[in-house]
Structure formats: structure tokens, C-alpha cells
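The sequence lines fix the lettering, A, B, ..., with proteins before strands; numbering per chain opens at 1.
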Number of protein chains: 2
Amino acid sequence: MSDPLSTLPGYLLRRASAAALAGLNRRLAPLGLRHVDASLLLILHSMPGTTQSEAGRLLDIQRANMVPIVSRLEGRGLIDRQKVDGRSQGLHLSAKGDALCAEVREEIEAYELALLAGLPDDMREGAVAVLDAFWRAAEALNVEAPSGEEG
Amino acid sequence: MSDPLSTLPGYLLRRASAAALAGLNRRLAPLGLRHVDASLLLILHSMPGTTQSEAGRLLDIQRANMVPIVSRLEGRGLIDRQKVDGRSQGLHLSAKGDALCAEVREEIEAYELALLAGLPDDMREGAVAVLDAFWRAAEALNVEAPSGEEG
DNA sequence: CCTTATCGTTATAGATCATAACAAATGACA
DNA sequence: TGTCATTTGTTATGATCTATAACGATAAGG
């Protein structure tokens, strides 16, 4: 046996994810963005007014870790904060952010197509569903046990 | 449209990978290991004498970043270094490391089965191949362009 | 000997992530 | 009204992971 890792979904996921994210970051670098930034812009494009906590939940990023991300994008004038609440702030794309978001969408869609084009023909159709299924399966395992089974 | 990310392979890969790795780390925590450590133990179990550079290439980890990993495992008496060369050192599991590796394999195989069990029946068979295909596709894109097209 | 490449290593900086804590605001409820 | 649990944004901190550059020692090919 030469590679004991080649059958382990966890390892294969990590490897594929790292490669894909590297490619994505490389494409986004000319725009001065990382993939996290780009994801947030896409969210705000589709769902203007999303708060940073909500966006964090969508992106699986903790509230605390959203702070530098939002600050960075706000500092660049790409997004605005509008008070929704006494505590919540809805995030919106600025004009500049919206323009950049259009470029982001082009880059990401091109990358997505290129990635899917690199798959064997017979896998292409169901591939995205497989990734989603892996996420659901892994999440189910994480919810099942992690810090007490009080449910 | 509510979630603009749900069709993007890159995002889905990242999310699935993060969830799977979190679950794996949680299972390995009682053994005092992280998934990277566990991967290295598995490699050394199947391929004793692998050097740390070779292992780094298998794991997609830079030489420099292998140093703390190997040092940590050596410090715990789980692996030994045996000079192969004037410069290379073959890594081997110690008796203690081999015993721990057996536990690691149990945990990882259990996790792998649980993860696959959580997939829809019609996806289970080809799922691992899809992950491998995504990696190959992403790698191909990364090799194609990244630092000059002198080929 | 010289050149080139590899290995292990150190150092450094940036990203990512988890956790704990806090003030302010909100909602539920008596 | 007041009380209590929850949520939001925030600061701070430490751990982990990654990328890059550099160095000395070694190896391989001339």
C-alpha cells in the first residue's frame, strides 16, 4: 500500500478544498480580495441588509472573527453599515462595492466553470450535490455529539 | 435568491472540509492529536522511512511547516528519526507511536464510515472519487497559470 | 573543484479559528 | 415597571495553519 490517505474523505476534502481555495485566492488577488471577502460581497449583493452576525452564520465564521473582515471592507469603502436596531447593523454594498462585486462574480463564475470542466464528464452533473451532501453528513456528526447530548 | 454561495464548488468544498476536519479533530482530541499529526502517523505506518520532505509533499505541507509537526511527535516519543543520508532522515513510528496509530486508525475508519453513512444512498459509491476529481481539477488550474506560463 | 539541487532548519509574517469577556440593546414575562 | 436570558458588536488573546525567504550541510553531475 502506498498512500493510506487516498480513501479518507476527510483528507480528500481538505486537500481538494485547499487547492480550490488557493486557486480562488489567486484569481481574486488582483482585486485585492480574499475568498472570505468575496463571499461576503456576494452575500450582500443577494441579500442586502444582512447583519454581520447573520453573514457569519452563513459563512461558518464566528461573530468575533467577522469584525476584522467587515472592518477591512468598510475601510476600503466597499460596504456601508446602516443601523437596523440599537445593536444590529445591516450591511450594504456601496456603489464601489457593487462595482467590485460584479468583477468578483465574473471571476468566481469563471473559476467555477473551469473547475467543473476539469471533472470527468460522468461526474460533472452530481458533483456539487456530493459536496453539499458531505457537508450535511459532517454537520450531522458534529451536532450529534460535540458538547453534550441534551437534545 | 437567498444563498448565492450554494452553487459554488469552492465554497461548498471549504464548508464541507471545515465541518469534516472539525469532526475529525474532535475525535482525535482525546488522543492528543490533530488531524495533521494523525495523517503523518498513518503515512509512517504504511510507508516507514518516509522523510519529512516526502511526507510534506504527500500532505501538501511545505517543508518548513513540517518542522513543528515532526518535532512535536518526536518530542512525545511517537516517532523516531533515522539517518538515511547526510541530509535526509527517515521517519519511523516508535512502539508507542505504533500503538497510538492503531487507535488513530480505529477512530478515523469509524469517522469515515459514519461520514459515508450520512450520504444519500445513491451518492455513497462515487463520492470519494468526486473528491479526488475536484482535487485534480483544482490542481490542474493551479499548475496551469500561477507564476508564469513558460511551459 | 564547481554548479545545481535537496534536506532540515530558523525566522517571520499573514490567515484562519476558537474562546472568553464586556457593554449595550432586545424580548419575554411577571 | 423591573428582572432575566439572549443577541449584537466588540476587544483581546492564543492556537493553528500557511507562505516565503534565507542559511548551512549534503548530495549528484559534470
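For A/R87 and D/dT8, a side-chain-to-base donor-acceptor distance below 3.5 Å is absent, hydrogens and geometry of angles not being considered.
Of the candidate nucleotides C/dT9, D/dA27, C/dC7, D/dA27 has the atom nearest to the side chain of B/D85. Here the side chain of B/R81 is nearest to one of C/dG8, D/dT8, D/dT10, namely C/dG8. The side chain of B/I61 approaches D/dT18 more closely than any other nucleotide in the set C/dC17, D/dT18, C/dT16. The nucleotide whose nearest atom lies closest to any side-chain atom of B/R14 is, among C/dC17, C/dC7, C/dT9, C/dC17.
Phosphate proximity of C/dG14 to A/R72: absent, as no side-chain N or O sits under 4.0 Å from OP1 or OP2. Contact between the side-chain N/O atoms of A/S88 and the OP1/OP2 oxygens of C/dA25 is not found at any separation under 4.0 Å.
In this structure, the OH atom of A/Y11 is 15 Å from the P atom of D/dC17, given to the nearest Å. Straight-line distance from the CG atom of A/N65 to the P atom of D/dT13: 15 Å, rounded to whole Å. If you take CZ of A/R63 and P of D/dT7, they are 9 Å apart, rounded to a whole angstrom. One atom, CD of A/Q62, and another, P of D/dT13, lie 19 Å apart when rounded to the nearest Å. Note: CD (A/Q89) to P (C/dA24) measures 15 Å, nearest angstrom. B/R34 has its CZ atom 10 Å from the P atom of D/dA15, to the nearest Å. Spacing between atom CG of B/L40 and atom P of D/dT16 amounts to 16 Å, rounded to whole angstrom units. Residue B/L21 contributes atom CG, which lies 11 Å from atom C1' of D/dC17 at whole-angstrom precision.
Counting non-hydrogen atoms under 4.0 angstrom, A/V70 reaches nothing in the nucleic acid. A/A64 comes within 4.0 angstrom of a base, heavy atoms only.
Remark on DNA chain D: of its neighbouring residues A/V67 and A/A22, the 5'-side contact belongs to A/V67, judged by nearest-heavy-atom nucleotide.
Of the possible polar contacts, none joining the A/R27 side chain to the A/V104 backbone as a donor-acceptor pair under 3.5 Å is found. At distances below 3.5 Å, not a single donor-acceptor pair connects side-chain atoms of A/N25 with backbone N or O atoms of A/A22.
Taking the side chain as every heavy atom from C-beta outward, B/L100 and B/L93 never approach each other to under 4.5 Å. Put simply, the side chain of A/E54 does not reach to within 4.5 Å of the side chain of A/L91, judged on heavy atoms.
At a threshold of 4.0 Å, the pair B/D132-A/R15 counts as salt-bridged, since one of the basic side-chain nitrogens sits closer than that to a carboxylate oxygen.
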